[in-house]
Amino acid sequence: QAQLTESGGGLAQAGSSLRLSCTTPGRIFSSAVMAWFRQAPGKEREFVALRRWNTGRTAYADSVKGRFTINTDNPNSMYLQMNNLKPEDTALYYCARGTDYSMVPSDYRYWGQGTQVTVSS
């Protein structure tokens, strides 16, 4: 069974918005790093966004900077707000939790099974 649970994916028109949610088994500890990655067919899994909860420090991929926002909903969940969606945002989106400030997938211990986002042109 998935260690984390994503929701909120679906179909969207270019220029519209979606909000993805991620729920953890317990609260998000202040020292934890929460991140989003995505993977399109034939592509490597790529970094999207992260947030360290004790400092609020965030990082975003250049391709989503200024359009996507990562933040917390409550003690055991967080979200990715995606605005001004583009067809190239189409991918399977994964939520991940770790302890290190990293943009490398292998540095994250806990993962969800993914939620599909499809953006039409």
Side-chain angles (χ1 to χ4, degrees):
Q1 191 172 10
Q3 299 164 315
L4 297 87
T5 303
E6 303 98 338
S7 63
L11 301 174
Q13 292 185 331
S16 67
S17 299
L18 284 175
R19 178 179 288 189
L20 306 183
S21 294
C22 175
T23 301
T24 68
R27 71 168 57 207
I28 300 174
F29 298 107
S30 62
S31 61
V33 175
M34 301 295 296
W36 290 92
F37 294 83
R38 67 187 183 186
Q39 188 167 17
K43 299 287 187 67
E44 295 286 328
R45 187 168 299 186
E46 67 174 347
F47 167 77
V48 176
L50 66 79
R51 180 183 175 95
R52 186 184 288 279
W53 253 249
N54 63 343
T55 65
R57 184 181 181 187
T58 59
Y60 297 91
D62 288 341
S63 59
V64 307
K65 195 172 299 180
R67 299 189 296 122
F68 291 9
T69 301
I70 184 172
N71 214 330
T72 180
D73 277 331
N74 55 54
N76 71 333
S77 67
M78 60 97 165
Y79 67 83
L80 181 70
Q81 179 66 43
M82 306 185 294
N83 295 327
N84 192 24
L85 286 163
K86 303 177 182 295
E88 52 263 42
D89 294 321
T90 296
L92 189 64
Y93 282 71
Y94 296 92
C95 175
R97 176 166 60 87
T99 58
D100 198 12
Y101 188 91
S102 174
M103 302 176 190
V104 180
S106 62
D107 286 339
Y108 289 81
R109 182 175 179 84
Y110 302 103
W111 293 82
Q113 290 187 314
T115 184
Q116 179 68 38
V117 172
T118 302
V119 183
S120 61
S121 61

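Positions are given from 1 along the sequence. Model, not experiment: these values are computed from the prediction.
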Trainee: Can you list the residues that meet the ring pair (Phe, Tyr, Trp, His ring centres under 6.0 Å) rule with Y60, with sequence neighbours excluded?
Mentor: none
Trainee: At what distance, to the nearest 0.5 angstrom, does CG of L4 lie from OG of S21?
Mentor: 12.5 Å
Trainee: Roughly how far, to the nearest 0.5 Å, is the CH2 atom of W53 from the CZ atom of R97?
Mentor: 11.0 Å
Trainee: I'd like to know if K65 pairs up with D62 as an ion pair, taking the criterion as any Lys NZ or Arg NE/NH1/NH2 lying under 4.0 Å from an Asp or Glu carboxylate oxygen.
Mentor: yes
Trainee: For the residue pair S121 and A14, what are the closest heavy atoms and their distance?
Mentor: CA-CB, 4.5 Å
Trainee: Who passes ring pair (Phe, Tyr, Trp, His ring centres under 6.0 Å) against F37, sequence neighbours left out?
Mentor: F47, Y108, W111
Trainee: Ignoring hydrogens, what is the shortest heavy-atom contact between V119 and V117? Give both atom names and the distance.
Mentor: CG2-CG1, 4.1 Å
Trainee: Could you state the interatomic distance from CG (L80) to CE (M34), rounded to the nearest 0.5 Å?
Mentor: 11.5 Å
Trainee: Roughly how far apart are S7 OG and R19 CZ, rounded to 0.5 Å?
Mentor: 11.0 Å
Trainee: Just wondering, more than 12 heavy atoms not from E46 lying within 6.0 Å of its CD?
Mentor: yes
Trainee: Within this structure, what is the CG-CZ distance for the pair L20 and F68, rounded to the nearest 0.5 Å?
Mentor: 8.0 Å
Trainee: Pick one: which of R38, R45, Q113 meets side-chain contact (heavy atoms from CB on, under 4.5 Å) with Y94?
Mentor: R45
Trainee: Are any side-chain N or O atoms of Q13 and backbone N or O atoms of S120, one a donor and one an acceptor, separated by less than 3.5 Å?
Mentor: no
Trainee: Do the side chains of C95 and M78 get nearer than 4.5 Å, heavy atoms only?
Mentor: yes
Trainee: Any side-chain heavy atom of S63 sitting closer than 4.5 Å to one from E88?
Mentor: no
Trainee: For a quick test of reading the model, state the closest non-hydrogen atom pair linking N84 to S17 and the distance between them.
Mentor: N-OG, 4.2 Å
Trainee: Regarding R52 and the six-membered ring of Y101, is the cationic atom NZ or CZ under 6.0 Å from the ring centre and inside 45° of its axis?
Mentor: no
Trainee: Less than 3.5 Å apart, any donor N or O on the side chain of N76 or T24 sitting next to an acceptor on the other?
Mentor: no
Trainee: Can you tell me how far the OG1 atom of T118 sits from the CG atom of D89, to the nearest 0.5 Å?
Mentor: 11.0 Å
Trainee: Does K43 have any salt bridge (charged side-chain N to carboxylate O under 4.0 Å, His left out) partners at least two apart in sequence or in another chain, and if so, which?
Mentor: none
Trainee: Indicate if L18 and W36 have the same hydrophobic cluster label, given that clusters are the connected sets of ILVMFWY residues with side-chain heavy-atom separations under 4.5 angstrom.
Mentor: yes
Trainee: Could you state whether Y79 and Y110 fall into the same hydrophobic cluster, counting links through intermediate Ile, Leu, Val, Met, Phe, Trp or Tyr residues with side-chain heavy atoms under 4.5 angstrom apart?
Mentor: no
Trainee: Is a side-chain N or O of Q81 found less than 3.5 angstrom from the main chain of T69, in a donor-acceptor match?
Mentor: no
Trainee: Minimum heavy-atom separation for L85 and A12, please, with both atom names.
Mentor: CD1-CB, 3.8 Å
